[in-house]
Amino acid sequence: FSAGDICAAKFPFDDIWYRACVMDVREGEEKVLMEYLCFFVDYGDSEWVCGNDVEPISPQLLELPFQAIPCSLDVTNQLDLDEDAYERLWYITRDQTLTL
């Protein structure tokens, strides 16, 4: 797999397979397997996944559009925030649905 490939990947915290997009590749800790930074396209999480836990995906599983939309707020260029203010902004907006 390489960056940009769509695959099925096992999420490391619940051992369930999800649709994912490979974002980056690195050599695994034991230098035997590769590890893949996977963006889970229906949830928005990104995690490093062992090569044993990444598989090709059936085209049928790609018929439904991805449910997560990657986005971020870039307020650092527009606001003069000190570290405390930045952390507070992160704390009050994390896990929230933001509407623009």
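What you see below is based on every heavy atom in this structure, not just the backbone, and it leaves out hydrogens, waters and symmetry mates. Model, not experiment: these values are computed from the prediction.
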Given the rule that I, L, V, M, F, W and Y join up when any side-chain heavy atoms are under 4.5 Å apart, are [X] and [Y] in one cluster?
{"X": "Met23", "Y": "Trp17", "answer": "no"}
{"X": "Phe11", "Y": "Phe1", "answer": "yes"}
{"X": "Val41", "Y": "Leu37", "answer": "yes"}

**Request:** For Asp42, enumerate each residue passing the salt bridge (Lys or Arg N to Asp or Glu O under 4.0 Å) test, keeping only those at least two apart in sequence or located in another chain.
**Result:** Arg19
**Fill in**
Heavy-atom closest pair (Val49 atom, Pro12 atom, distance to 0.1 Å) is CG2-CD, 4.3 Å
**Item:** Shortest non-hydrogen contact from Met34 toward Glu27
**Value:** CE-N, 3.9 Å
**Sequence neighbours excluded, every pair satisfying salt bridge (charged side-chain N to carboxylate O under 4.0 Å, His left out) that has a member inside residues 45-56** = Lys10-Asp53
**Fill in**
Residues pairing under ring pair (Phe, Tyr, Trp, His ring centres under 6.0 Å) where one sits in residues 41-62, two or more places apart or in two chains, turn out to be Tyr18-Tyr43
Would you indicate whether the side-chain heavy atoms of [Y] and [X] approach each other to under 4.5 Å?
{"X": "Leu62", "Y": "Ile6", "result": "yes"}
{"X": "Cys38", "Y": "Val54", "result": "yes"}
{"X": "Cys7", "Y": "Tyr36", "result": "no"}
{"X": "Asp24", "Y": "Phe39", "result": "no"}

**Asked** Just how far is it from atom CG of Asn52 to atom CD of Glu35, taken to the nearest 0.5 Å?
**Response** 10.5 Å
